[in-house]
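As structure tokens, the structure follows; a few thoughts come after it.
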Amino acid sequence: MEFASIKGFKDILPGETETWQRLEAAARRVFRPYGFKEIKPPILERTELFSRGIGLDTDIVAKEMYSFPDSKGNGMTLRPEATASVVRAYIQHKLYKLDPVQKLYTIGPMFRHERPQKGRFRQFHQINAEILGDPGPKSDADLIVMVMGLLSTLGLKGLSLQLNSLGCPQCRVQFKKTLNRYLAQKTDALCSDCRRRAETNPLRVFDCKVEACKEVVSEAPSILEFLDEDCRHHFRSLQEYLEDYKVPFILNHRLVRGLDYYNRTTFEIQTERLGSQNAVTGGGRYDGLVKILGGPDQPAIGFAMGIERLVELMEEDQEQESETPDLFVAGLGAKSERKVFNWVNELRQSGIWVDMVYAPKGLKAQMKQADRSGAKKVLIIGDNELEAGKGVLRDMTTKEQKDVPLDNLLETLKKEIG
Ligand code: ATP
Ligand code: MG
């Protein structure tokens with residue numbers, strides 16, 4: 001029997017992991033001066049955490065979760081998103097008591113049982129950042145400026161920031177009625193899910209991926225017309241911060257996002273390059289969630305960034321130059337090999353990338369392997385060289401060779417390699 005990874009679950013192989021590391025390192029570097037700290041919640045949680053947090057009528061909870069009972073019959077779910085877990089941890093460990101405003105980020109895998117296709121997997125990865133305990137709008141602007149800053153340090157072009165406000169539950173009462181009336185005239189054009197949603201949770205229709213529904217929604221009334229005084233002011237003020245900092249955005253009143261917990265600010269960052277899976281980041285304010293999950297009444301805002309989609313963009317942008325060893329050391333003969341083992345490891349522990357063979361091989365075979373490894377230089381030390389107290393250092397690009405004394409070899413090599 002041959003084993004292969006499960007459909008929608010993929011191996012991330014060397015060659016690609018370097019780009020992942022670059023992205024993650026950039027995120028950590030960009031988040032730090034904003035005062036964000038890393039949190040690492042577990043991947044498995046009680047199912048209720050998500051069904052209560054994300055909302056029963058969302059695609060995620062209705063059809064995408066990997067859920068199963070544990071041996072005691074408790075519902076367990078592989079997390080489909082990170083916010084609910086971060087909020088659970090914020091409540092469970094009373095992080096709000098340390099400081100009411102907590103800025104947290106997390107990087108890791110998410111699981112959704114959706115149809116695998118380009119840019120869509122069943123295990124995928126996100127970078128999430130959340131500001132808990134502040135009502136905004138300055139924190140909304142801060143978070144958006146930070147995420148745009150991260151994308152710009154990655155050198156990504158052709159991205160657009162779409163911005164909307166969903167108002168608060170009060171604004172939505174009137175809007176839902178109006179939307180409901182509008183959708184009632186269009187039921188024939190809607191998919192069966194949306195026909196149901198039109199009754200129960202009409203905002204969800206905005207998030208439907210079915211073409212016909214998208215068309216219906218393109219002429220739907222705008223939530224922005226229904227914002228009350230406070231929500232309007234919040235949204236206006238956020239836009240002013242973004243305008244002042246010269247962050248371009250596009251108002252998109254159809255942007256509701258696929259989770260029920262959002263209110264006021266929602267945003268999505270899209271690229272023109274990935275076809276229909278064009279969203280690289282989605283986020284928004286979720287002022288009610290901490291309370292819904294049993295915590296204090298604390299507002300919050302956050303975003304989730306899809307790593308796979310960003311990595312794809314980064315790889316298109318850059319020429320892949322894979323990293324290669326700084327040095328290859330070829331030993332010849334039993335005595336030399338033991339010495340080489342020590343030198344090689346001392347060099348590695350001072351941070352120099354050094355390769356060598358494991359099984360004994362002749363010089364020709366070792367030079368071949370050195371060449372294949374892409375090592376920039378090769379140091380040859382046979383038993384004869386050992387006796388003479390000097391090795392031969394060959395530059396693999398210029399093919400120049402020179403003797404290097406074996407006394408003080410580490411210092412010499414560090415200088416040679418820089
Ligand atoms: P989409 O509309 O593409 O399904 P979403 O609204 O479900 O996205 P969010 O839950 O907001 O996505 O997650 C934030 C980001 O995570 C998305 O913008 C996307 O980059 C990424 N993402 C979401 N689902 C997947 C998936 N199945 N495979 C790969 N990346 C994903
Ligand atoms: Mg989705």
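Indexing begins at 1, ligand by ligand and atom by atom, following the structure's order. Everything numeric here is computed off the predicted structure, so don't read it as measured data.
Near ligand 1, residues R112, E114, G119, R120, F121, F124, Q126, K209, R257, A279, V280, T281, A304, G306, R309 come within 4.0 angstrom through at least one heavy atom.
Between the side chain of N263 and the main chain of G288, no donor-acceptor pair closer than 3.5 Å is present.
Y90 and Y96 have their aromatic ring centers within a separation under 6.0 angstrom. Taking the six-membered ring for Trp, Y105 and F31 have ring centres closer than 6.0 Å.
A 6.0 Å sphere centred on CZ of R32 holds no more than 12 heavy atoms belonging to other residues, nucleotides or ligands.
Looking at K157, R273, R309 one by one, the single match for salt bridge (charged side-chain N to carboxylate O under 4.0 Å, His left out) with E316 turns out to be R273.
Residues meeting the salt bridge (charged side-chain N to carboxylate O under 4.0 Å, His left out) test with K377, sequence neighbours left out: E416.
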